[in-house]
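Below is one structure, written out as structure tokens; comments come after it.
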There are 2 protein chains.
Amino acid sequence: METAEGTPRRLRALPSRLANQAALSANRIVDRTLAGAGVRRYHYALLAALAEFGPASQAALGRRTGIDRSDMVATVNELADRRLLERAPDPADRRRNIVSITAAGGDRLADLDRLVADAQEEFLAPLPAADRRSLVDLLTRLVDHHGDRRRAEPGPEA
Amino acid sequence: METAEGTPRRLRALPSRLANQAALSANRIVDRTLAGAGVRRYHYALLAALAEFGPASQAALGRRTGIDRSDMVATVNELADRRLLERAPDPADRRRNIVSITAAGGDRLADLDRLVADAQEEFLAPLPAADRRSLVDLLTRLVDHHGDRRRAEPGPEA
DNA sequence: GACGACCGTGGGCGCGGCCAACGAGTTGCT
DNA sequence: AGCAACTCGTTGGCCGCGCCCACGGTCGTC
């Protein structure tokens, strides 16, 4: 029998790979769940950001969700088509669009929140509550340190 | 000032998102590091698997690294072009190719191992040793539970 | 000998995460 | 007032990863 082919130790023990594999699993679960409701992760993130902070420009929403400005255009388009949000020009700054969530969008978000919560449960299934807290804490510290943004500091002082 | 735009709580507290963001950071670091040596993650994984278990078929390597059979073809091609591994037909089973690492491939892998180790250090920088162990432990438990493979169990007995 | 399973290969797809560029608009400085 | 620097939305593109399907060749097994 040549079944039971294991992952190489070199890879299996690699924190970066572990993080990646865990994220893979998490994303698979969440994506499958959201797909059942006809949305992708970007859609959920955008609706969540809108519900949390109220209307904002696309650029600001991008900063909050980590979605690139160019990808934001398509994401807003898709959700606007479904009447889950609205895009209106900002009279005070004509460069900006003000994006706001609709009532239907709020309702939809509530549904998605439930689905996503279930997905978290599935993802974290093997861990008891205390370990879940540890995990969240550790991951939070990691992401807080390497700040999300592509920081290109100007190198050593000129 | 409208700077300091934060991530919505709903997202920030989401374990699946935290895992994803952490993996994002990890992958950015590792990818940048490997790119400096002219390779991608798939290349490193493949070389590591070869060095660890010796010559194997492409399908077996795919199972060990998590690389799809079709993607494996290209990966093997690229490394074979650089003489880091060799592909030879298996005389005992003419469906198979036997892929084996070359001396140059072994040398290269040793270099990459060092680079990857540095990358881990950078990724884990904010965590003291004890926390790193906790993290690895927690992540390992997560990935061990949802087994890597796309398991499609036949549902309830017919 | 026929069927099923497996292998390598080719082709394709979607998503997430990027970057470059442009025109319109705004802000800041002088 | 004028100009430079910046911001914003948008278009278009790129790449890597993770997948799937289908095909022809090859075992293995009944």
Side-chain angles (χ1 to χ4, degrees), chain A residues 1-3 5 16-17 20-21 23-32 34-35 38-46 56-63 65-78 80 87-99 148-152, chain B residues 1-3 5 16-17 19-21 23-32 34-35 39-46 56-63 65-78 80 87-99 148-152:
Chain A
M1 54 246 72
E2 50 172 325
T3 41
E5 290 151 352
S16 64
R17 172 167 247 253
N20 199 33
Q21 298 290 322
L24 245 292
S25 295
N27 288 337
R28 265 195 288 255
I29 294 169
V30 170
D31 289 352
R32 173 169 42 76
L34 291 179
V39 300
R40 287 175 295 127
R41 280 209 303 281
Y42 273 18
H43 296 145
Y44 176 71
L46 177 49
S57 74
Q58 298 180 192
L61 291 167
R63 264 171 250 127
T65 54
I67 301 177
D68 188 272
R69 294 212 316 283
S70 45
D71 302 314
M72 182 60 73
V73 176
T75 309
V76 169
N77 283 342
E78 289 155 8
R87 173 159 43 190
D90 182 345
D93 184 341
R94 311 216 318 277
R95 292 171 301 180
R96 291 179 162 93
N97 287 338
I98 296 183
V99 180
D148 315 285
R149 289 290 150 266
R150 36 219 159 266
R151 289 267 159 257
Chain B
M1 57 243 71
E2 50 171 325
T3 43
E5 290 150 353
S16 64
R17 172 167 247 254
N20 198 33
Q21 298 290 323
L24 244 291
S25 295
N27 288 337
R28 265 195 288 255
I29 293 169
V30 170
D31 290 351
R32 173 170 41 78
L34 290 179
V39 300
R40 287 174 296 124
R41 250 177 303 149
Y42 273 18
H43 297 146
Y44 176 70
L46 177 49
S57 73
Q58 298 179 191
L61 290 167
R63 263 171 250 128
T65 55
I67 300 177
D68 189 271
R69 292 211 318 281
S70 43
D71 302 314
M72 182 60 72
V73 176
T75 308
V76 169
N77 283 342
E78 289 155 7
R87 173 160 41 190
D90 183 344
D93 184 342
R94 312 219 313 277
R95 291 171 300 179
R96 291 179 161 92
N97 287 338
I98 296 184
V99 180
D148 315 284
R149 289 291 150 266
R150 37 225 160 260
R151 289 268 160 255

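Below, all heavy atoms of this structure are taken into account, side chains as well, without hydrogens, waters or symmetry copies. Throughout, a chain's letter reflects where its sequence line sits, starting with A, and its residues are numbered from 1.
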Using modelled atom types only, decide if a donor and an acceptor are shared between the side chain of B/D68 and the backbone of B/S70 within a distance under 3.5 Å.
yes
Compare side-chain N and O positions of B/R32 against OP1 and OP2 of D/dG16 and report whether any pair is under 4.0 Å apart.
no
Spacing of [X] atom [atom1] and [Y] atom [atom2] [to the nearest 0.5 Å]:
{"X": "A/L34", "Y": "A/I29", "atom1": "CG", "atom2": "CD1", "value": "12.0 Å"}
{"X": "A/R41", "Y": "A/T75", "atom1": "CZ", "atom2": "OG1", "value": "12.0 Å"}
{"X": "B/R17", "Y": "A/N27", "atom1": "CZ", "atom2": "CG", "value": "10.5 Å"}
{"X": "B/T65", "Y": "B/L46", "atom1": "OG1", "atom2": "CG", "value": "6.5 Å"}

Distance in angstrom units between [X] [atom1] and [N] [atom2], rounded:
{"X": "B/D90", "N": "D/dT26", "atom1": "CG", "atom2": "P", "value": "13 Å"}
{"X": "A/D31", "N": "D/dC17", "atom1": "CG", "atom2": "P", "value": "18 Å"}
{"X": "B/N97", "N": "D/dG24", "atom1": "CG", "atom2": "C1'", "value": "15 Å"}
{"X": "A/M72", "N": "C/dG16", "atom1": "CE", "atom2": "C1'", "value": "13 Å"}
{"X": "B/R28", "N": "C/dG17", "atom1": "CZ", "atom2": "P", "value": "9 Å"}
{"X": "A/I98", "N": "D/dC8", "atom1": "CD1", "atom2": "P", "value": "13 Å"}
{"X": "B/L61", "N": "C/dG8", "atom1": "CG", "atom2": "C1'", "value": "13 Å"}
{"X": "A/I67", "N": "C/dC15", "atom1": "CD1", "atom2": "C1'", "value": "12 Å"}

Once side chain to side chain contact (heavy atoms under 4.5 Å, CB included) is applied, do any residues pair with A/R95, and if so which ones, sequence neighbours excluded?
A/D93
Report the nucleotide, chosen from [options], that has the shortest atom-to-atom distance to any side-chain atom of [X].
{"X": "A/Q58", "options": "C/dG17, C/dG25, D/dT10", "result": "D/dT10"}
{"X": "A/R94", "options": "C/dT26, C/dC7, D/dG9", "result": "C/dT26"}
{"X": "B/R96", "options": "C/dC7, C/dG17, D/dC6", "result": "C/dC7"}
{"X": "A/A59", "options": "D/dC8, D/dT26, D/dT10", "result": "D/dC8"}
{"X": "A/R41", "options": "C/dT9, D/dT10, C/dG16", "result": "C/dG16"}
{"X": "B/D93", "options": "D/dT26, D/dC8, C/dG16", "result": "D/dT26"}

Identified side-chain hydrogen bond (donor to acceptor under 3.5 Å, both in side chains) partner of B/Q58 from the options B/R96, B/R63, B/R87
B/R87
Reckon A/N20 touches a base, only the sugar-phosphate, or nothing at all at heavy-atom distances under 4.0 Å?
sugar-phosphate
Reading DNA chain D from 5' onward, which residue's closest nucleotide shows up sooner: B/R95 or A/A56?
A/A56
So which protein nitrogen or oxygen atoms get under 3.5 Å of nucleotides 11-15 of chain D's nitrogens or oxygens?
residue : atom : partner : partner atom : Å
D/dG12  : O6   : A/S70   : OG           : 3.4

